[in-house]
Every structure is written in structure tokens, then in C-alpha cells.
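Note that ligands are numbered from 1 as they come in the structure, with each ligand's atoms numbered from 1 the same way. Here, residue 1 is the first one in the sequence, and each next residue gets the next number. For the numbers below, each heavy atom of this structure counts, side chains included, while hydrogens, waters and symmetry mates do not.
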Amino acid sequence: MKYVFVTGGVISSLGKGLTAASLGTLLENRGLKVTLAKFDPYLNVDPGTMSPFQHGEVYVTDDGAETDLDLGHYERFTHATLSRLNNLTSGRVYANIIEKERRGDYLGKTVQVIPHVINEIIERIKLIGEKSDADVLIMEIGGTTGDIEGLPFLEAIRQFAIEVGPKNVLFIHVTLVPYIRVAGEIKTKPTQQSVAKLREIGIQPQILICRSEKPLSPEVRQKISMFCNVPAECVIEELDVANSIYEVPMALRQENVDELVCRYLGLLAFAKPMTEWEKMLKRLIQPKYKTQIAVVGKYIGLQDAYKSLYEAIKHAGAANDSAVEIVRVDAEDIERDGAAKHLRKMDGILVPGGFGNRGIEGKIMAARYAREKKVPYFGICLGMQIAVIEFARNVCKLKGANSTEFEAKTPHPVICLLEEQRTITDKGGTMRLGAMPCKLAAGTHARRLYNAALISERHRHRYEFNNTYREQLTKAGLVIAGHYTEKDLVEVIELPAHPHFVACQFHPEFKSKPYDAHPLFRGFIEAALKKAKSTT
Ligand code: GLN
């Protein structure tokens with residue numbers, strides 16, 4: 001296996017994850033099998049316990065790991081299927097080490113950053129290699145070069161590189177080349193200093209990917225080359241993309257990055273035209289139609305909080321040749337102003353996942369509005385629970401129906417905890433997590449959209465549809481379209497008398513791809529578009 005390590009310099013939020021993912025796309029286009037991983041220097045064992053305001057979305061893999069959102073980019077940009085091995089935090093490293101220490105595995109030795117922490121990190125890199133049949137592992141190191149907490153990871157990749165030899169490892173440094181407007185100049189000094197910092201640690205990057213808002217002139221490239229010790233052709237320009245993140249692979253390809261990577265690593269792999277990717281981009285960027293949907297949530301102010309969701313909506317838009325304007329509606333605004341004020345103009349209403357009490361009644365009002373006004377509705381996880389509560393309250397007249405998450409003593413707990421969840425007090429990694437099978441009932445929207453009877457989708461929640469109310473709700477018209485038979489859990493609900501009212505307990509957004517939109521998102525946007533066309 002060959003290893004590409006991607007580090008970041010100068011500032012965070014440079015899009016290292018997207019750059020790593022895009023390199024994955026380009027290497028796959030050369031017929032190589034890739035896998036990707038991210039190492040994060042923070043001390044949480046995983047991001048699962050962090051608020052979306054802290055760290056954006058928590059991305060869930062098939063095997064139920066709660067991971068950094070960059071793993072979402074990796075899976076969307078490539079065909080790799082990632083697992084809990086592919087995301088490592090300092091917290092996890094230390095947790096493992098302390099567990100070993102308590103067991104007495106270190107046989108009386110002093111446990112130290114060097115060698116024990118470093119070795120733990122190196123072991124993980126090797127393990128990813130052993131468990132994968134990929135040709136190339138692209139590994140991103142979170143944080144910014146120079147951060148104290150990132151040092152062990154950099155030391156680990158330095159040592160690892162010595163161990164596996166120069167032909168097998170490549171260091172790519174993603175850095176900022178700022179444009180100073182008042183001076184009208186592009187500045188290379190931050191990049192020089194960031195590379196100097198890396199060299200101090202013992203790492204000489206072979207390729208520099210320079211994030212910039214202005215093109216790099218040959219002189220600027222020459223200067224960076226000279227003072228950062230890399231050939232001029234390895235100074236890569238990565239401008240802000242105009243329309244879509246899926247343009248990044250094309251931009252990097254223009255700069256020959258994949259060619260350089262293959263040359264450095266001695267990989268004989270040849271590029272093919274990227275016709276399919278280009279077609280997909282065209283549908284994304286120049287769609288024929290337009291539709292407007294509301295996402296009614298709690299973390300709507302933060303772009304990263306529903307990362308995969310927004311991406312899945314874009315994929316579904318492209319699949320329907322439609323631009324999708326996403327209107328972010330704060331559920332608390334609906335509580336204050338009523339649903340009509342915010343939702344009247346919408347072609348579709350989506351209630352995504354979420355936790356905690358805030359805004360719940362506003363979401364219930366949104367689901368009611370969608371049901372009564374026949375606006376296409378798509379509920380995901382909490383969005384399904386909300387729809388069930390609304391249906392119980394307003395159609396079945398179960399007064400005060402609720403989820404026990406929001407009201408422990410509700411007279412009608414239509415959503416509640418399973419027995420196995422009731423005794424759990426730890427918050428980290430204890431939800432129903434990861435991929436589980438689901439059977440789709442014949443004749444339902446879901447079955448038609450998936451065009452399959454058995455599907456597998458990823459979960460991240462504690463509460464479930466309460467089967468005690470199943471008969472009462474289905475008699476009143478709610479259809480159980482998806483079912484996890486083995487555990488007797490409701491996974492998809494629908495309202496057949498409605499143009500499109502579909503909600504699922506799992507998180508389909510984690511499995512949508514730009515070139516293969518998720519069926520439930522595709523169906524929802526299709527319904528929204530139909531409504532948009534009928535009203536114009
Ligand atoms: N809070 C709900 C639960 O834990 C929904 C979770 C979610 O939407 N991811 O079941």
C-alpha cells in the first residue's frame with residue numbers, strides 16, 4: 001500500500017477534507033482503489049458527544065462509528081466504505097493506552113508520548129492498511145501545523161514514513177496563500193512559515209496545495225517553490241470553486257495533482273476522461289428546473305450541522321435536473337409565528353434529525369402543515385418521530401401524545417425508549433448506531449423509490465416508534481412502509497392519501513452520492529418539483 005498524508009497550514013477551514021476526498025476521486029479515475037482516514041487531535045474519544053455547534057455534523061459509518069464529517073466527504077467523493085478504523089482522535093489514542101496501562105500491559109515501564117502514544121498512532125495506520133485492499137491510503141491530519149496537540153500525529157507520520165520508505169509515502173501540505181486587497185498582492189510568507197514549521201518537525205512536503213482566492217502567477221509559484229523546497233510544478237493552485245464542491249476534483253486535475261502523486265509513488269495508473277463526473281456537474285450547476293424546500297431544524301444557522309443532508313438534497317436536485325433552494329427555517333420561529341408564515345411558499349418540507357426539547361412544537365406544527373396542506377414532507381429520524389406525534393395528536397386524537405424524550409410522563413408515549421436503552425446512562429457511543437436491514441412493504445412510496453424489498457440504512461438515535469400504538473395509528477391511515485423485522489422496529493412511515501409524506505427512522509443522507517442520489521431524497525425532490533410545476 002502507498003500512503004498519502006495530508007496536513008494543513010496557516011489556518012483551519014481550508015478544505016483539507018475536500019482536497020483529500022478530491023484526490024481520492026482522481027486516483028479512482030486512474031483505476032486505483034483508495035481508502036481514506038482522518039486523525040483528529042482533540043481529546044473527545046469521538047465527536048459523538050459534541051454539539052453540532054462545536055464540530056458540525058456527526059457522520060455515521062456502516063459499522064456504527066460516530067465520526068468526523070470529513071468522512072462523509074470521503075465516502076461521497078469515492079467508492080470507499082469506511083469504518084471506525086478510519087477516524088482516530090487523541091482521545092481514543094489515550095483511552096486505549098490508559099486501558100492497556102491499567103491492565104498492566106506495559107510491564108512496569110513508564111508510559112510516555114514517545115514511544116507509546118506515537119506507536120499507538122502508527123499501529124492504527126498499519127491496521128487500516130492491513131484491513132483494506134486499497135492501493136492507496138489518503139490520510140488527513142486534522143488541525144493546523146504548529147498546534148501543540150497535533151504534534152504526536154505529525155511525529156507518528158514522520159516515523160512511519162521512515163519505516164516504509166520514501167517511494168511509499170507522500171506528504172501533501174494544504175496551505176493558505178492570502179490576497180491582501182489593500183496592497184493588491186498575494187502573500188507567500190504564511191506558507192513559507194508553515195512549511196518551515198513542518199520541516200522543523202522533520203517533514204518535507206513534496207506537494208503544496210495553495211488555497212487562494214486569486215490565481216498564482218508563475219513568479220509566485222517560483223517563490224513558493226524556492227523557499228519551501230518543492231519543485232515549481234508541485235506548487236498547486238486551488239482556487240475557491242465557483243458553484244459546487246464537486247468542482248474541486250476537476251480543478252485539481254487541471255493542476256496535474258493526480259499525475260504528480262502517481263509519479264512520486266511509482267504508480268503506473270493512467271487517467272481516463274471524467275465524462276460521468278462532468279455530466280453530473282453540469283446537472284448540478286445548470287439545472288433546468290427550480291424548486292424551493294424548507295429545512296425546519298434547530299441548528300439551521302450553522303452550515304456544517306447538517307452537512308450530509310444538504311449534500312443529499314443537492315444530489316437529488318441534480319438527479320431531477322432541478323436547482324433546489326434550501327430555506328432554513330428555525331423551528332422556534334414557527335412556534336412564534338405559526339407554520340403558514342414560513343412555509344406557505346414552500347414546495348417541500350423536510351424535518352431532519354435532532355436532539356432535545358427546543359423547537360419540538362414548531363417541528364410538529366410544520367409536519368401538521370405539510371399533512372393538512374398536502375405539501376411534500378420528508379422526515380428523517382427526529383423528523384419521523386415528530387410526524388408520528390403529530391398524527392397521534394391530531395388524527396387519532398390522542399391528546400398530549402409525545403416522545404418520552406420530550407415529556408417523560410406523557411399520557412401517550414407514541415415514541416419511547418426500548419427496554420435495552422432504559423438502563424444506559426453513558427452518552428458516548430450508546431445509541432442505536434450503524435447499518436441495519438429494513439424490509440419495505442409492497443405498494444408503498446418507499447418500495448417504489450428504492451425499487452427493492454430489502455434495504456440497509458444507517459441509524460443514530462435512542463428513541464423508537466412505540467408498537468403499542470401501532471394498530472391505532474395504522475387504522476387511522478398511517479402506513480408502516482419499512483420494518484426491521486428481526487427486532488420488530490418501525491423504520492419508515494407514510495401517508496398514502498397524501499402526494500408525498502414519507503419519513504424514516506434512519507439517516508439516508510449518509511448514503512447519498514453526487515453521482516447516485518439517494519432514492520428517498522430523489523423522490524422527495526421529485527414530489528416538490530411536481531408541486532412547483534403545478535403552481536407556476
Ligand atoms: N432525539 C431522537 C432520538 O434520540 C432523534 C435522534 C436523531 O434525529 N438523530 O431518538
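- Of all protein heavy atoms, the one lying nearest to atom 10 (O) of ligand 1 is Y463 N, 2.8 Å.
- Using modelled atom types and a 3.5 Å distance limit, the side chains of R76 and S308 yield a donor-acceptor pair.
- At a heavy-atom cutoff of 4.0 Å, ligand 1 is contacted by no atom of M431, backbone or side chain.
- Between E99 and R102 no salt bridge is recorded (no basic side-chain N to carboxylate O distance below 4.0 Å).
- Between H342 and D330, the side chains place no donor N or O within less than 3.5 Å of an acceptor N or O (distance only, hydrogens not considered).
- Under a 4.0 Å heavy-atom criterion, E464 is not in contact with ligand 1.
- For ligand 1, none of its N or O atoms has an N or O atom of G356 under 3.5 Å away.
- Residue H507 has at least one heavy-atom neighbour below 4.0 Å for each of these atoms of ligand 1: 9 (N).
- Selection from H461, E405, R460 by nearest heavy atom to atom 2 (C) of ligand 1 gives E405.
- Regarding atom 7 (C) of ligand 1, its nearest protein heavy-atom neighbour is C381 SG, 2.9 Å.
- Residues H498 and H500 have side chains that never bring a donor and an acceptor to within less than 3.5 angstrom of each other.
- Relative to the ring axis of F406, R358 does not place its NZ or CZ within 45° and under 6.0 Å from the centre.
- In this structure, K533 forms a cation-pi arrangement with Y289, its terminal cationic atom sitting closer than 6.0 Å to the ring centre and no more than 45° off the ring axis.
- Among G353, G354, G379, the residue whose heavy atom sits closest to atom 6 (C) of ligand 1 is G354.
- Side-chain N/O atoms of Y74 and E140 include a donor and acceptor closer than 3.5 Å.
- If you check which protein heavy atom lies closest to atom 4 (O) of ligand 1, you get R462 N, 3.0 Å.
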